[in-house]
Number of protein chains: 2
Amino acid sequence: MAKLEFEPIVDTTRRAEIVARLRRAILTGQLEPGQKVNELRISEQMGVSRAPLREAIRELVQEGLLTNIPYAGAYVINVTAKDIADAYGLHHALEDFAIERVWPLRNETFAVELNRRHAQVKQATLALDTTRQIETALSLHSLIYEWADNALLLDTWQRLARRLQMYFALHQQARNEPVPAVDMHEDYVRLLKGADMAAAKRHAREHIDWDFEELLSYAHSLETNRK
Amino acid sequence: MAKLEFEPIVDTTRRAEIVARLRRAILTGQLEPGQKVNELRISEQMGVSRAPLREAIRELVQEGLLTNIPYAGAYVINVTAKDIADAYGLHHALEDFAIERVWPLRNETFAVELNRRHAQVKQATLALDTTRQIETALSLHSLIYEWADNALLLDTWQRLARRLQMYFALHQQARNEPVPAVDMHEDYVRLLKGADMAAAKRHAREHIDWDFEELLSYAHSLETNRK
DNA sequence: TATTGCTAGATTGTCGACAATGTGATTGAT
DNA sequence: ATCAATCACATTGTCGACAATCTAGCAATA
(Lines give C-alpha, C1' and ligand atoms only; values in the text may rest on other atoms or scores of the structure.)
Protein backbone atom coordinates (compact mmCIF):
# COMPACT_ATOMS: atom_id res chain seq x y z
CA MET A 1 0.00 0.00 0.00
CA ALA A 2 1.42 3.34 -0.97
CA LYS A 3 2.12 5.76 1.85
CA LEU A 4 -0.15 8.70 1.17
CA GLU A 5 0.12 11.78 3.32
CA PHE A 6 -2.35 14.62 3.36
CA GLU A 7 -1.56 18.24 3.89
CA PRO A 8 -3.47 19.97 6.69
CA ILE A 9 -6.52 21.98 5.72
CA VAL A 10 -5.66 25.63 5.87
CA ASP A 11 -6.94 29.19 6.16
CA THR A 12 -10.66 28.96 6.29
CA THR A 13 -11.25 32.37 7.81
CA ARG A 14 -11.65 35.74 6.19
CA ARG A 15 -9.18 37.14 8.67
CA ALA A 16 -6.35 34.95 7.39
CA GLU A 17 -7.07 35.93 3.81
CA ILE A 18 -7.15 39.60 4.75
CA VAL A 19 -3.83 39.32 6.56
CA ALA A 20 -2.27 37.67 3.53
CA ARG A 21 -3.53 40.32 1.15
CA LEU A 22 -2.56 43.27 3.30
CA ARG A 23 0.86 41.79 3.97
CA ARG A 24 1.45 41.26 0.30
CA ALA A 25 0.33 44.81 -0.48
CA ILE A 26 2.82 46.16 2.03
CA LEU A 27 5.70 43.91 1.04
CA THR A 28 5.33 44.77 -2.63
CA GLY A 29 5.10 48.45 -1.93
CA GLN A 30 1.52 48.81 -3.15
CA LEU A 31 0.75 50.17 0.26
CA GLU A 32 3.45 52.77 0.68
CA PRO A 33 5.36 53.50 3.90
CA GLY A 34 3.55 55.99 6.05
CA GLN A 35 0.27 55.44 4.28
CA LYS A 36 -2.81 55.19 6.42
CA VAL A 37 -4.91 52.04 6.48
CA ASN A 38 -8.49 53.23 6.39
CA GLU A 39 -10.64 50.50 7.88
CA LEU A 40 -13.96 51.43 6.32
CA ARG A 41 -12.58 51.92 2.83
CA ILE A 42 -10.58 48.69 2.77
CA SER A 43 -13.32 46.60 4.35
CA GLU A 44 -15.71 47.80 1.66
CA GLN A 45 -13.21 47.12 -1.08
CA MET A 46 -12.68 43.59 0.19
CA GLY A 47 -16.34 43.04 0.83
CA VAL A 48 -15.96 42.18 4.51
CA SER A 49 -16.93 43.86 7.73
CA ARG A 50 -14.52 45.79 9.86
CA ALA A 51 -14.26 43.12 12.56
CA PRO A 52 -12.02 40.62 10.72
CA LEU A 53 -10.14 43.48 9.09
CA ARG A 54 -9.34 45.01 12.45
CA GLU A 55 -8.17 41.66 13.78
CA ALA A 56 -5.95 41.35 10.73
CA ILE A 57 -4.53 44.80 11.43
CA ARG A 58 -3.65 43.74 14.98
CA GLU A 59 -1.68 40.82 13.60
CA LEU A 60 0.22 43.00 11.18
CA VAL A 61 0.98 45.51 13.89
CA GLN A 62 2.55 42.74 15.95
CA GLU A 63 4.38 41.55 12.87
CA GLY A 64 5.94 44.97 12.72
CA LEU A 65 4.57 45.95 9.32
CA LEU A 66 2.04 48.43 10.68
CA THR A 67 2.07 50.84 13.57
CA ASN A 68 -1.03 51.80 15.46
CA ILE A 69 -2.00 55.02 17.17
CA PRO A 70 -5.13 54.71 19.31
CA TYR A 71 -8.11 56.54 17.86
CA ALA A 72 -5.95 57.78 14.99
CA GLY A 73 -5.36 54.70 12.89
CA ALA A 74 -2.91 52.15 11.56
CA TYR A 75 -0.09 53.23 9.29
CA VAL A 76 2.38 51.33 7.18
CA ILE A 77 5.77 51.52 8.91
CA ASN A 78 8.16 54.17 7.74
CA VAL A 79 11.56 53.12 6.51
CA THR A 80 14.68 54.98 7.51
CA ALA A 81 18.30 54.35 6.68
CA LYS A 82 18.79 53.29 10.28
CA ASP A 83 16.02 50.71 10.02
CA ILE A 84 17.81 49.14 7.10
CA ALA A 85 21.13 49.21 8.91
CA ASP A 86 19.54 47.63 11.99
CA ALA A 87 18.05 44.87 9.89
CA TYR A 88 21.40 44.05 8.39
CA GLY A 89 23.12 44.07 11.73
CA LEU A 90 20.68 41.50 13.01
CA HIS A 91 20.94 39.58 9.77
CA HIS A 92 24.66 39.15 10.36
CA ALA A 93 24.13 37.77 13.83
CA LEU A 94 21.39 35.37 12.82
CA GLU A 95 23.21 34.13 9.76
CA ASP A 96 26.29 33.17 11.74
CA PHE A 97 24.19 31.33 14.25
CA ALA A 98 22.10 29.58 11.60
CA ILE A 99 25.15 28.37 9.70
CA GLU A 100 26.65 26.95 12.87
CA ARG A 101 23.48 25.10 13.72
CA VAL A 102 22.69 23.85 10.24
CA TRP A 103 26.21 22.69 9.53
CA PRO A 104 26.06 19.22 11.14
CA LEU A 105 22.44 18.73 10.00
CA ARG A 106 23.07 19.04 6.27
CA ASN A 107 22.43 16.00 4.14
CA GLU A 108 21.59 15.04 0.58
CA THR A 109 18.02 16.33 0.85
CA PHE A 110 19.34 19.67 2.04
CA ALA A 111 21.63 19.94 -0.98
CA VAL A 112 18.82 19.02 -3.35
CA GLU A 113 16.51 21.64 -1.88
CA LEU A 114 19.30 24.19 -1.97
CA ASN A 115 19.74 23.55 -5.69
CA ARG A 116 16.03 23.68 -6.31
CA ARG A 117 15.62 27.07 -4.71
CA HIS A 118 18.71 28.36 -6.40
CA ALA A 119 17.24 27.31 -9.72
CA GLN A 120 14.13 29.31 -8.90
CA VAL A 121 16.22 32.39 -8.29
CA LYS A 122 18.03 31.97 -11.61
CA GLN A 123 14.74 31.44 -13.38
CA ALA A 124 13.23 34.59 -11.92
CA THR A 125 16.40 36.49 -12.79
CA LEU A 126 16.25 35.36 -16.39
CA ALA A 127 12.58 36.25 -16.59
CA LEU A 128 13.36 39.74 -15.23
CA ASP A 129 10.56 39.24 -12.73
CA THR A 130 11.88 41.41 -9.95
CA THR A 131 9.16 40.70 -7.41
CA ARG A 132 9.67 36.99 -7.82
CA GLN A 133 13.41 37.48 -7.79
CA ILE A 134 13.20 38.99 -4.34
CA GLU A 135 10.88 36.26 -3.13
CA THR A 136 12.98 33.41 -4.44
CA ALA A 137 16.23 34.87 -3.16
CA LEU A 138 14.75 35.18 0.32
CA SER A 139 13.39 31.67 0.01
CA LEU A 140 16.89 30.45 -0.81
CA HIS A 141 18.30 32.21 2.21
CA SER A 142 15.51 30.81 4.35
CA LEU A 143 16.67 27.25 3.85
CA ILE A 144 19.42 27.28 6.46
CA TYR A 145 16.96 28.67 8.97
CA GLU A 146 14.41 26.00 8.17
CA TRP A 147 17.05 23.32 8.63
CA ALA A 148 18.71 24.77 11.71
CA ASP A 149 16.14 22.97 13.88
CA ASN A 150 15.34 25.96 16.06
CA ALA A 151 11.74 27.13 15.90
CA LEU A 152 12.45 30.44 17.59
CA LEU A 153 15.33 31.20 15.24
CA LEU A 154 13.12 30.42 12.26
CA ASP A 155 10.39 32.68 13.57
CA THR A 156 12.86 35.48 14.15
CA TRP A 157 14.27 35.07 10.67
CA GLN A 158 10.85 35.16 9.07
CA ARG A 159 10.08 38.45 10.76
CA LEU A 160 13.39 39.82 9.57
CA ALA A 161 12.93 38.40 6.09
CA ARG A 162 9.67 40.28 5.70
CA ARG A 163 11.41 43.51 6.51
CA LEU A 164 14.10 42.74 3.97
CA GLN A 165 11.52 41.86 1.36
CA MET A 166 9.87 45.22 1.90
CA TYR A 167 13.15 47.10 1.72
CA PHE A 168 14.16 45.41 -1.50
CA ALA A 169 10.77 45.99 -3.08
CA LEU A 170 10.88 49.67 -2.21
CA HIS A 171 14.42 49.93 -3.43
CA GLN A 172 13.58 48.28 -6.71
CA GLN A 173 10.53 50.48 -7.06
CA ALA A 174 12.47 53.64 -6.35
CA ARG A 175 15.03 53.21 -9.10
CA ASN A 176 13.25 52.26 -12.28
CA GLU A 177 16.11 50.27 -13.72
CA PRO A 178 15.35 46.75 -14.87
CA VAL A 179 17.29 44.81 -12.26
CA PRO A 180 20.69 43.21 -11.84
CA ALA A 181 20.44 40.34 -14.30
CA VAL A 182 23.29 38.47 -12.72
CA ASP A 183 22.96 35.89 -10.02
CA MET A 184 25.12 36.30 -6.96
CA HIS A 185 24.32 33.02 -5.27
CA GLU A 186 26.67 30.56 -6.99
CA ASP A 187 29.31 30.84 -4.30
CA TYR A 188 26.75 30.92 -1.52
CA VAL A 189 25.22 27.64 -2.60
CA ARG A 190 28.57 26.01 -3.29
CA LEU A 191 30.02 26.92 0.08
CA LEU A 192 26.94 25.74 1.95
CA LYS A 193 27.42 22.33 0.39
CA GLY A 194 31.16 22.30 1.16
CA ALA A 195 33.19 21.41 4.23
CA ASP A 196 34.63 24.78 5.25
CA MET A 197 32.21 26.40 7.66
CA ALA A 198 34.40 29.40 8.32
CA ALA A 199 34.51 30.12 4.60
CA ALA A 200 30.73 29.81 4.37
CA LYS A 201 30.30 32.24 7.23
CA ARG A 202 32.76 34.66 5.71
CA HIS A 203 31.04 34.57 2.36
CA ALA A 204 27.57 34.92 3.85
CA ARG A 205 28.82 37.99 5.67
CA GLU A 206 30.16 39.48 2.47
CA HIS A 207 27.02 38.56 0.61
CA ILE A 208 24.86 40.30 3.17
CA ASP A 209 27.13 43.33 3.06
CA TRP A 210 26.81 43.39 -0.70
CA ASP A 211 23.01 43.43 -0.46
CA PHE A 212 23.23 46.16 2.10
CA GLU A 213 25.44 48.30 -0.11
CA GLU A 214 22.83 47.85 -2.80
CA LEU A 215 20.15 49.26 -0.53
CA LEU A 216 22.25 52.18 0.64
CA SER A 217 21.39 54.35 -2.32
CA TYR A 218 17.73 53.95 -1.56
CA ALA A 219 18.36 54.56 2.12
CA HIS A 220 20.17 57.72 1.18
CA SER A 221 17.32 58.98 -0.94
CA LEU A 222 15.06 58.52 2.07
CA GLU A 223 17.14 60.89 4.16
CA THR A 224 17.35 63.54 1.48
CA ASN A 225 13.66 63.36 0.64
CA ARG A 226 12.75 63.99 4.23
CA LYS A 227 14.32 67.42 4.31
CA MET B 1 13.94 76.61 34.64
CA ALA B 2 13.92 73.01 35.64
CA LYS B 3 13.83 70.53 32.82
CA LEU B 4 10.54 68.76 33.25
CA GLU B 5 9.76 65.74 31.13
CA PHE B 6 6.37 64.14 30.86
CA GLU B 7 5.69 60.50 30.30
CA PRO B 8 3.54 59.76 27.28
CA ILE B 9 -0.15 59.16 27.87
CA VAL B 10 -0.76 55.45 27.71
CA ASP B 11 -3.24 52.72 27.06
CA THR B 12 -6.50 54.46 26.42
CA THR B 13 -8.14 51.43 24.86
CA ARG B 14 -9.67 48.40 26.47
CA ARG B 15 -7.75 46.24 24.03
CA ALA B 16 -4.38 47.35 25.40
CA GLU B 17 -5.47 46.69 28.95
CA ILE B 18 -6.76 43.25 28.00
CA VAL B 19 -3.50 42.40 26.25
CA ALA B 20 -1.54 43.43 29.30
CA ARG B 21 -3.67 41.38 31.66
CA LEU B 22 -3.70 38.27 29.51
CA ARG B 23 0.03 38.50 28.93
CA ARG B 24 0.68 38.80 32.61
CA ALA B 25 -1.58 35.84 33.34
CA ILE B 26 0.37 33.74 30.87
CA LEU B 27 3.82 34.88 31.93
CA THR B 28 3.12 34.23 35.59
CA GLY B 29 1.66 30.81 34.87
CA GLN B 30 -1.86 31.69 36.02
CA LEU B 31 -2.96 30.67 32.57
CA GLU B 32 -1.28 27.31 32.20
CA PRO B 33 0.34 25.96 29.03
CA GLY B 34 -2.17 24.22 26.82
CA GLN B 35 -5.10 25.86 28.53
CA LYS B 36 -7.88 27.13 26.34
CA VAL B 37 -8.80 30.80 26.25
CA ASN B 38 -12.59 30.89 26.30
CA GLU B 39 -13.66 34.17 24.78
CA LEU B 40 -17.12 34.43 26.26
CA ARG B 41 -16.06 33.51 29.76
CA ILE B 42 -13.09 35.87 29.88
CA SER B 43 -14.92 38.75 28.25
CA GLU B 44 -17.65 38.44 30.88
CA GLN B 45 -15.09 38.25 33.68
CA MET B 46 -13.39 41.39 32.44
CA GLY B 47 -16.66 43.13 31.72
CA VAL B 48 -15.93 43.83 28.07
CA SER B 49 -17.35 42.56 24.82
CA ARG B 50 -15.67 39.92 22.73
CA ALA B 51 -14.47 42.34 20.03
CA PRO B 52 -11.56 43.93 21.93
CA LEU B 53 -10.79 40.61 23.59
CA ARG B 54 -10.49 38.90 20.23
CA GLU B 55 -8.22 41.64 18.94
CA ALA B 56 -6.09 41.19 22.03
CA ILE B 57 -5.91 37.47 21.34
CA ARG B 58 -4.65 38.15 17.81
CA GLU B 59 -1.84 40.24 19.23
CA LEU B 60 -0.82 37.56 21.69
CA VAL B 61 -0.91 34.93 18.99
CA GLN B 62 1.53 37.01 16.97
CA GLU B 63 3.59 37.52 20.09
CA GLY B 64 3.93 33.77 20.26
CA LEU B 65 2.24 33.32 23.62
CA LEU B 66 -0.95 31.84 22.20
CA THR B 67 -1.68 29.54 19.31
CA ASN B 68 -4.90 29.70 17.36
CA ILE B 69 -6.85 26.99 15.63
CA PRO B 70 -9.66 28.35 13.45
CA TYR B 71 -13.11 27.62 14.86
CA ALA B 72 -11.52 25.72 17.73
CA GLY B 73 -9.99 28.44 19.85
CA ALA B 74 -6.86 30.01 21.23
CA TYR B 75 -4.59 28.04 23.53
CA VAL B 76 -1.66 29.00 25.70
CA ILE B 77 1.48 27.67 24.05
CA ASN B 78 2.84 24.38 25.23
CA VAL B 79 6.37 24.24 26.53
CA THR B 80 8.70 21.41 25.62
CA ALA B 81 12.30 20.81 26.52
CA LYS B 82 13.20 21.62 22.93
CA ASP B 83 11.44 24.98 23.14
CA ILE B 84 13.59 25.87 26.10
CA ALA B 85 16.74 24.68 24.36
CA ASP B 86 15.83 26.70 21.26
CA ALA B 87 15.30 29.80 23.33
CA TYR B 88 18.70 29.45 24.91
CA GLY B 89 20.38 28.85 21.60
CA LEU B 90 18.96 32.08 20.28
CA HIS B 91 19.79 33.82 23.53
CA HIS B 92 23.45 32.96 23.02
CA ALA B 93 23.49 34.43 19.54
CA LEU B 94 21.69 37.62 20.51
CA GLU B 95 23.76 38.20 23.62
CA ASP B 96 27.02 38.06 21.70
CA PHE B 97 25.70 40.51 19.15
CA ALA B 98 24.27 42.84 21.76
CA ILE B 99 27.50 42.97 23.74
CA GLU B 100 29.46 43.80 20.60
CA ARG B 101 27.11 46.62 19.71
CA VAL B 102 26.71 48.05 23.15
CA TRP B 103 30.41 47.98 23.95
CA PRO B 104 31.43 51.28 22.35
CA LEU B 105 28.18 52.95 23.42
CA ARG B 106 28.59 52.46 27.16
CA ASN B 107 28.96 55.56 29.31
CA GLU B 108 28.39 56.73 32.83
CA THR B 109 24.62 56.72 32.48
CA PHE B 110 24.78 53.13 31.31
CA ALA B 111 26.77 52.13 34.38
CA VAL B 112 24.39 53.93 36.70
CA GLU B 113 21.36 52.25 35.17
CA LEU B 114 23.15 48.90 35.32
CA ASN B 115 23.69 49.37 39.05
CA ARG B 116 20.13 50.51 39.56
CA ARG B 117 18.65 47.43 37.95
CA HIS B 118 21.10 45.19 39.72
CA ALA B 119 19.99 46.68 43.01
CA GLN B 120 16.40 45.84 42.12
CA VAL B 121 17.37 42.24 41.54
CA LYS B 122 19.14 42.06 44.88
CA GLN B 123 16.17 43.64 46.59
CA ALA B 124 13.74 41.16 45.08
CA THR B 125 16.06 38.32 46.00
CA LEU B 126 16.22 39.45 49.61
CA ALA B 127 12.46 39.84 49.73
CA LEU B 128 12.07 36.29 48.38
CA ASP B 129 9.63 37.68 45.81
CA THR B 130 10.22 35.18 43.05
CA THR B 131 7.96 36.78 40.47
CA ARG B 132 9.67 40.10 40.91
CA GLN B 133 13.03 38.38 40.96
CA ILE B 134 12.40 37.01 37.49
CA GLU B 135 11.15 40.36 36.23
CA THR B 136 14.04 42.35 37.60
CA ALA B 137 16.65 39.88 36.38
CA LEU B 138 15.24 40.08 32.88
CA SER B 139 15.12 43.84 33.18
CA LEU B 140 18.80 43.82 34.06
CA HIS B 141 19.61 41.68 31.08
CA SER B 142 17.49 43.92 28.86
CA LEU B 143 19.77 46.88 29.41
CA ILE B 144 22.41 45.93 26.87
CA TYR B 145 19.67 45.43 24.29
CA GLU B 146 18.16 48.80 25.04
CA TRP B 147 21.55 50.43 24.66
CA ALA B 148 22.69 48.52 21.60
CA ASP B 149 20.92 51.07 19.39
CA ASN B 150 19.21 48.51 17.19
CA ALA B 151 15.42 48.60 17.26
CA LEU B 152 15.03 45.25 15.57
CA LEU B 153 17.42 43.58 17.97
CA LEU B 154 15.55 45.05 20.91
CA ASP B 155 12.24 43.84 19.53
CA THR B 156 13.65 40.37 19.01
CA TRP B 157 15.04 40.29 22.51
CA GLN B 158 11.75 41.37 24.03
CA ARG B 159 9.96 38.53 22.31
CA LEU B 160 12.59 36.13 23.57
CA ALA B 161 12.57 37.63 27.06
CA ARG B 162 8.86 36.97 27.37
CA ARG B 163 9.43 33.32 26.59
CA LEU B 164 12.17 33.16 29.18
CA GLN B 165 9.98 34.86 31.74
CA MET B 166 7.31 32.24 31.15
CA TYR B 167 9.77 29.37 31.39
CA PHE B 168 11.20 30.65 34.64
CA ALA B 169 7.79 31.24 36.14
CA LEU B 170 6.68 27.73 35.26
CA HIS B 171 9.90 26.31 36.56
CA GLN B 172 9.60 28.16 39.82
CA GLN B 173 5.99 27.10 40.11
CA ALA B 174 6.77 23.45 39.43
CA ARG B 175 9.23 23.05 42.24
CA ASN B 176 7.82 24.54 45.39
CA GLU B 177 11.16 25.44 46.89
CA PRO B 178 11.62 29.02 48.08
CA VAL B 179 14.13 30.22 45.49
CA PRO B 180 17.87 30.55 45.18
CA ALA B 181 18.54 33.35 47.60
CA VAL B 182 21.89 34.13 46.08
CA ASP B 183 22.49 36.68 43.38
CA MET B 184 24.47 35.55 40.36
CA HIS B 185 24.85 38.91 38.67
CA GLU B 186 27.84 40.45 40.45
CA ASP B 187 30.30 39.30 37.81
CA TYR B 188 27.92 40.07 34.98
CA VAL B 189 27.56 43.68 36.04
CA ARG B 190 31.24 44.09 36.81
CA LEU B 191 32.39 42.73 33.46
CA LEU B 192 29.89 44.87 31.55
CA LYS B 193 31.45 47.92 33.12
CA GLY B 194 34.99 46.71 32.41
CA ALA B 195 37.27 46.85 29.41
CA ASP B 196 37.54 43.20 28.39
CA MET B 197 34.76 42.49 25.94
CA ALA B 198 35.84 38.91 25.31
CA ALA B 199 35.63 38.20 29.02
CA ALA B 200 32.18 39.76 29.18
CA LYS B 201 31.00 37.60 26.30
CA ARG B 202 32.48 34.50 27.88
CA HIS B 203 30.83 35.18 31.18
CA ALA B 204 27.48 36.00 29.61
CA ARG B 205 27.65 32.68 27.81
CA GLU B 206 28.36 30.84 31.04
CA HIS B 207 25.67 32.78 32.83
CA ILE B 208 23.10 31.84 30.23
CA ASP B 209 24.21 28.23 30.37
CA TRP B 210 23.82 28.30 34.12
CA ASP B 211 20.24 29.54 33.81
CA PHE B 212 19.58 26.88 31.23
CA GLU B 213 20.89 24.13 33.48
CA GLU B 214 18.54 25.44 36.12
CA LEU B 215 15.59 25.01 33.78
CA LEU B 216 16.61 21.55 32.65
CA SER B 217 15.02 19.81 35.61
CA TYR B 218 11.71 21.41 34.74
CA ALA B 219 12.18 20.60 31.09
CA HIS B 220 12.83 17.02 32.08
CA SER B 221 9.68 16.80 34.13
CA LEU B 222 7.77 17.97 31.07
CA GLU B 223 8.98 15.04 29.03
CA THR B 224 8.26 12.46 31.70
CA ASN B 225 4.82 13.86 32.46
CA ARG B 226 3.86 13.56 28.85
CA LYS B 227 4.21 9.78 28.78
C1' DT C 1 -18.95 -4.54 17.88
C1' DA C 2 -17.49 -1.15 14.83
C1' DT C 3 -18.77 2.34 11.87
C1' DT C 4 -21.61 5.83 9.97
C1' DG C 5 -25.04 9.48 10.13
C1' DC C 6 -27.51 12.66 12.73
C1' DT C 7 -28.59 16.11 16.27
C1' DA C 8 -27.98 19.46 19.96
C1' DG C 9 -25.07 22.35 22.34
C1' DA C 10 -21.16 25.21 22.76
C1' DT C 11 -17.77 28.17 20.71
C1' DT C 12 -15.67 30.86 17.24
C1' DG C 13 -16.20 34.00 13.13
C1' DT C 14 -18.61 37.85 11.16
C1' DC C 15 -21.79 41.60 10.80
C1' DG C 16 -24.16 46.14 11.37
C1' DA C 17 -24.97 49.81 14.63
C1' DC C 18 -23.64 52.90 18.18
C1' DA C 19 -20.23 55.34 21.33
C1' DA C 20 -15.84 57.65 21.97
C1' DT C 21 -12.27 60.19 20.16
C1' DG C 22 -9.55 63.08 17.06
C1' DT C 23 -9.39 66.81 13.45
C1' DG C 24 -10.17 70.76 11.03
C1' DA C 25 -13.08 74.59 10.03
C1' DT C 26 -15.85 78.29 11.85
C1' DT C 27 -17.16 81.64 14.98
C1' DG C 28 -16.62 85.14 18.21
C1' DA C 29 -14.26 87.88 21.61
C1' DT C 30 -10.29 90.72 22.61
C1' DA D 1 -5.36 89.89 13.40
C1' DT D 2 -4.93 86.41 16.99
C1' DC D 3 -6.41 83.14 19.80
C1' DA D 4 -9.68 80.36 22.24
C1' DA D 5 -14.14 78.03 22.16
C1' DT D 6 -17.35 75.49 19.58
C1' DC D 7 -19.14 72.41 16.37
C1' DA D 8 -19.59 69.12 12.50
C1' DC D 9 -17.44 65.41 10.35
C1' DA D 10 -14.64 61.45 9.73
C1' DT D 11 -12.57 57.57 11.85
C1' DT D 12 -11.56 54.35 15.37
C1' DG D 13 -13.20 51.60 19.46
C1' DT D 14 -16.82 48.80 21.36
C1' DC D 15 -21.09 46.34 21.66
C1' DG D 16 -24.83 42.86 21.03
C1' DA D 17 -26.75 39.65 17.79
C1' DC D 18 -26.48 36.29 14.20
C1' DA D 19 -24.03 32.84 11.11
C1' DA D 20 -20.67 29.22 10.51
C1' DT D 21 -18.22 25.59 12.43
C1' DC D 22 -16.70 22.13 15.67
C1' DT D 23 -17.49 18.47 19.19
C1' DA D 24 -19.59 15.03 21.75
C1' DG D 25 -23.19 11.98 22.31
C1' DC D 26 -26.68 8.94 20.59
C1' DA D 27 -29.13 6.27 17.24
C1' DA D 28 -29.09 3.41 13.17
C1' DT D 29 -27.00 -0.03 10.40
C1' DA D 30 -23.98 -3.57 8.75
Side-chain angles (χ1 to χ4, degrees), chain A residues 1 4 6-23 25-26 30-78, chain B residues 6-23 25-26 30-78:
Chain A
M1 186 169 68
L4 177 58
F6 289 98
E7 297 289 316
I9 304 289
V10 286
D11 279 359
T12 53
T13 66
R14 299 194 199 291
R15 179 183 70 242
E17 175 70 16
I18 296 169
V19 168
R21 287 202 205 181
L22 281 180
R23 184 191 292 131
I26 296 169
Q30 296 176 293
L31 274 173
E32 295 174 14
Q35 192 173 338
K36 179 167 182 178
V37 178
N38 185 310
E39 296 177 2
L40 190 58
R41 191 169 58 75
I42 293 183
S43 67
E44 284 174 352
Q45 288 176 359
M46 290 191 181
V48 299
S49 73
R50 283 174 56 222
L53 175 64
R54 282 175 58 84
E55 293 186 13
I57 289 174
R58 296 305 152 249
E59 293 193 25
L60 292 170
V61 167
Q62 280 299 317
E63 255 187 55
L65 298 180
L66 297 177
T67 59
N68 186 267
I69 305 173
Y71 291 105
Y75 299 82
V76 179
I77 57 167
N78 272 305
Chain B
F6 289 98
E7 296 291 315
I9 304 287
V10 288
D11 280 359
T12 55
T13 65
R14 299 196 198 290
R15 180 183 67 242
E17 176 70 17
I18 296 169
V19 168
R21 286 204 206 179
L22 281 180
R23 184 191 291 129
I26 296 169
Q30 296 176 292
L31 274 173
E32 295 176 14
Q35 192 173 341
K36 180 167 182 178
V37 178
N38 186 311
E39 296 178 1
L40 190 57
R41 191 169 58 78
I42 293 183
S43 68
E44 285 174 351
Q45 287 176 359
M46 291 192 181
V48 299
S49 74
R50 283 174 56 222
L53 174 65
R54 282 175 59 84
E55 293 186 15
I57 289 174
R58 296 304 151 249
E59 293 192 25
L60 292 170
V61 167
Q62 281 298 315
E63 255 186 56
L65 298 181
L66 297 177
T67 59
N68 186 266
I69 305 173
Y71 290 105
Y75 299 82
V76 179
I77 57 167
N78 272 305

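Chain letters run A, B, ... following the sequence lines, proteins first, then strands; residues in each count from 1.
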Under 4.0 Å protein heavy-atom contacts per nucleotide of nucleotides 6-18 of chain C, with B for base, S for backbone only and - for none: -----SBBBB-B-
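A 4.5 Å side-chain heavy-atom check between E63(A) and I26(A) finds every atom pair outside the cut-off. At a threshold of 4.5 Å between non-hydrogen side-chain atoms, the residues R15(B) and N68(A) count as touching. Looking only at side-chain heavy atoms (C-beta outward), V61(A) and E59(B) stay at 4.5 Å or farther from each other.
With sequence neighbours excluded, the residues forming a side-chain contact (heavy atoms from CB on, under 4.5 Å) with A25(B) are Q30(B), L31(B), listed by chain and number. For I77(A), the side-chain contact (heavy atoms from CB on, under 4.5 Å) partners at least two apart in sequence or on another chain are T67(A), R163(A), M166(A).
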